[in-house]
**Student:** 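First, the structure itself, so that you have it in front of you.
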Amino acid sequence: MEKNQKIVLANRPAAWVEESNFRLEESEIPEPGANQVLVKNHWLSLDPYMRGRMSDAKSYATPVQIGEVMVGGTAGEVLKSNHPKFAAGDKVVGPLGWQLYGVADGGALQKVDDSAIPLSAWLGPVGMPGVTAWVGLLDICAPKPGETVVVTAASGAVGSVVGQLAKIHGARAVGIAGGAEKCRYVVDELGFDACIDYKAGNLRGDLKEATPKGIDCVFENVGGEIFDTLLTRMNPFSRIAVCGLIAQYNSAPYPMQNLGSVLINRIKMQGFIVSDDLTRWPPALKEIAGHVAAGRIKYRESVAHGLANAPAAFISLLKGGNFGKQLVKLT
């Protein structure tokens, strides 16, 4: 009889995440209770926020406890349903974590249509990363036509959508990514106006060349030295949406040198979590789904195969090894 496989948090990382921080376990496939749904997961999403959930430091969300299934978004198929809104065979996305099978209350799941948009994309551009891009760009940065938007981690799941949305809304999009191949993709495939390879060793000079009129909006995913350098190019009354600080998730905070720019340029800087206001999800998904279905927003996926390979894929993600949205194919 088939078993459920799940990856649990074995111990908390001291610095860089290691595969020994995780443990693969087997258990019985759970049965759904009242108003619950049993889902067979086809896809697992890997995202930088998971690093914070491995720590017991105070944060915006409760940490994963030792021995608990690692938190994560999944997309899969309903096997059994005790909820009136779901039936066997429905495709759904939800927070079922790093496991092959999961049970959730019906209210925690979203039914999706994978006929026009592939199921995996509901974890990427038409999922949490896409909504994150939409909220941070349009609600916080609110770029006007002709303004310059700079997005870090531009080839990633969130950053790639940010730049394409900026272009759709009439702004100029400049990306920052690691490596010439990623930068070529950002410009040639995604349509950004420019991309800076921070690994090329000329970040300050390349940034000045790519932003001759300064920066009106930064969508920040990385932090560290790159963010500190961006502060030197900000225009008066510019805006910064702080989405992530992946450069310091496994190390000490970077000693910022240019924070004075926030005062000098009267910059509006706001951190945000995409789950803060769930009323923004429906309009975000409606717009992004239309763009994806029409080919106006393109995306790329890095796929690891098999649940056992999730820890290695997650570590690679934290080190910038992914190209686009990092997923694990479970079936």
Side-chain angles (χ1 to χ4, degrees), residues 1-33 36 38-76 93-105 108-109 120 123-124 127-129 153 156-157 221 223 244-253 273 275 301-322 325-331:
M1 184 177 294
E2 188 173 359
K3 299 278 191 178
N4 185 26
Q5 290 188 340
K6 54 188 180 181
I7 289 182
V8 304
L9 181 64
N11 51 73
R12 302 196 186 281
W16 275 102
V17 176
E18 299 178 357
E19 291 195 47
S20 59
N21 299 133
F22 305 95
R23 183 171 65 248
L24 179 64
E25 295 183 349
E26 284 193 347
S27 65
E28 299 299 322
I29 296 174
E31 286 291 329
Q36 289 189 326
L38 171 64
V39 179
K40 181 176 183 179
N41 296 322
H42 292 191
W43 296 92
L44 168 65
S45 172
L46 298 180
D47 301 280
Y49 78 82
M50 295 171 177
R51 175 61 181 86
R53 303 290 180 90
M54 298 176 73
S55 169
D56 59 1
K58 183 180 178 181
S59 185
Y60 62 87
T62 303
V64 177
Q65 298 303 307
I66 302 299
E68 284 188 351
V69 175
M70 275 294 297
V71 65
T74 57
V93 295
L96 297 181
W98 295 27
Q99 56 183 343
L100 300 185
Y101 297 87
V103 163
D105 293 334
L109 300 174
S120 61
L123 293 174
M128 180 272 289
N221 293 307
L245 300 167
I246 195 171
Q248 62 186 57
Y249 287 171
N250 297 285
S251 60
I273 306 300
S275 57
E301 297 172 338
S302 291
V303 179
H305 294 269
L307 182 64
N309 289 315
F314 179 60
I315 293 168
S316 176
L317 167 73
L318 293 176
K319 296 181 177 181
N322 63 302
K325 174 63 189 169
Q326 181 64 60
L327 297 165
V328 181
K329 194 174 189 306
L330 301 175
T331 61

**Student:** Rounded at 0.5 Å granularity, tell me how far CZ in R51 sits from CD1 in I315.
**Tutor:** 10.5 Å

**Student:** Show the nearest heavy-atom pair for residues L327 and S120, with the distance to one decimal.
**Tutor:** CD1-CB, 3.8 Å

**Student:** Check whether any side-chain heavy atom of V71 lies under 4.5 Å from a side-chain heavy atom of P95, and answer yes or no.
**Tutor:**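 Heavy-atom side-chain distance check fails, nothing below 4.5 Å.
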
**Student:** I want to check something: taking the side chain as every heavy atom from C-beta on, are Q326 and F314 in contact at a cut-off of under 4.5 Å?
**Tutor:**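 The answer is no; the side chains never approach within 4.5 Å.
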
**Student:** Got a second to check how far I273's CD1 is from Y49's OH, nearest 0.5 Å?
**Tutor:** 11.5 Å

**Student:** Show the numbers, then the answer: is there a side chain to side chain contact (heavy atoms under 4.5 Å, CB included) between S59 and R53?
**Tutor:** CA-CA 8 Å; S59 185; R53 303 290 180 90; over 6 Å; no

**Student:** Can you tell me which residue among E28, E2, K6 is in a side-chain hydrogen bond (donor to acceptor under 3.5 Å, both in side chains) with Y101?
**Tutor:**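 Answer to the side-chain hydrogen bond (donor to acceptor under 3.5 Å, both in side chains) test with Y101 among E28, E2, K6: E2.
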
**Student:** With rounding to the nearest 0.5 Å, note down the distance linking CG in L307 to CD in Q99.
**Tutor:**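 One finds 9.0 Å between CG of L307 and CD of Q99.
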
**Student:** Testing the basics here: between G102 and N41, what is the closest heavy-atom pair and its distance to 0.1 Å?
**Tutor:**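 Answer, listing the atom of G102 first, then N41: N-ND2, 4.3 Å.
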
**Student:** Heavy atoms, side chains only, cut-off 4.5 Å: are N21 and N11 in contact?
**Tutor:** yes

**Student:** Could you state the interatomic distance from CG (L100) to OG1 (T331), rounded to the nearest 0.5 Å?
**Tutor:** 9.0 Å

**Student:** Could you walk me through whether T74 and V39 satisfy the side chain to side chain contact (heavy atoms under 4.5 Å, CB included) test, starting with their C-alpha distance in whole Å, then the side-chain angles of each, then the deciding distance to 0.1 Å, before giving a yes or no?
**Tutor:** CA-CA 10 Å; T74 57; V39 179; 5.7 Å; no

**Student:** Give a yes or no on whether the backbone of P63 and the side-chain of Q65 come within a donor-acceptor separation of less than 3.5 Å.
**Tutor:** yes

**Student:** Are M70 and M54 close enough that some pair of their side-chain heavy atoms sits under 4.5 Å apart?
**Tutor:**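 Counting from C-beta outward, M70 and M54 do come under 4.5 Å.
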
**Student:** Closest heavy-atom contact between S45 and K325?
**Tutor:** OG-NZ, 2.6 Å

**Student:** Once you round to the nearest 0.5 Å, how far does CD1 of I66 lie from CZ of R12?
**Tutor:** 4.5 Å

**Student:** Is the W98 ring parallel, tilted or perpendicular to the F22 ring (thresholds 30°, 60°)?
**Tutor:**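 If you compare the ring of W98 with that of F22, the planes turn out parallel.
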
**Student:** Over all heavy atoms of both residues, which pair between E19 and P311 is shortest? Give the atoms and the distance, please.
**Tutor:** CG-CB, 4.3 Å

**Student:** If I compare all heavy atoms of L38 with all of P30, which pair ends up nearest, and what's the gap?
**Tutor:**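 In this case the closest contact between L38 and P30 is CD1-O, 3.5 Å.
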
**Student:** Give the C-alpha distance, both sets of side-chain angles, the deciding distance and a yes or no for side chain to side chain contact (heavy atoms under 4.5 Å, CB included) between L9 and E68.
**Tutor:** CA-CA 6 Å; L9 181 64; E68 284 188 351; 6.0 Å; no

**Student:** To the nearest 0.5 Å, how far apart are OG1 in T62 and CG in D56?
**Tutor:** 12.0 Å

**Student:** What's the shortest heavy-atom distance between A304 and A313, and which atoms?
**Tutor:**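 Of all heavy-atom pairs spanning A304 and A313, the closest is CB-CB, 3.8 Å.
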
**Student:** A side-chain contact here means heavy atoms from C-beta on lying under 4.5 Å apart; do H42 and L330 qualify?
**Tutor:** no

**Student:** Run the numbers on W43 and V93 for side chain to side chain contact (heavy atoms under 4.5 Å, CB included), then give the verdict.
**Tutor:** CA-CA 9 Å; W43 296 92; V93 295; over 6 Å; no

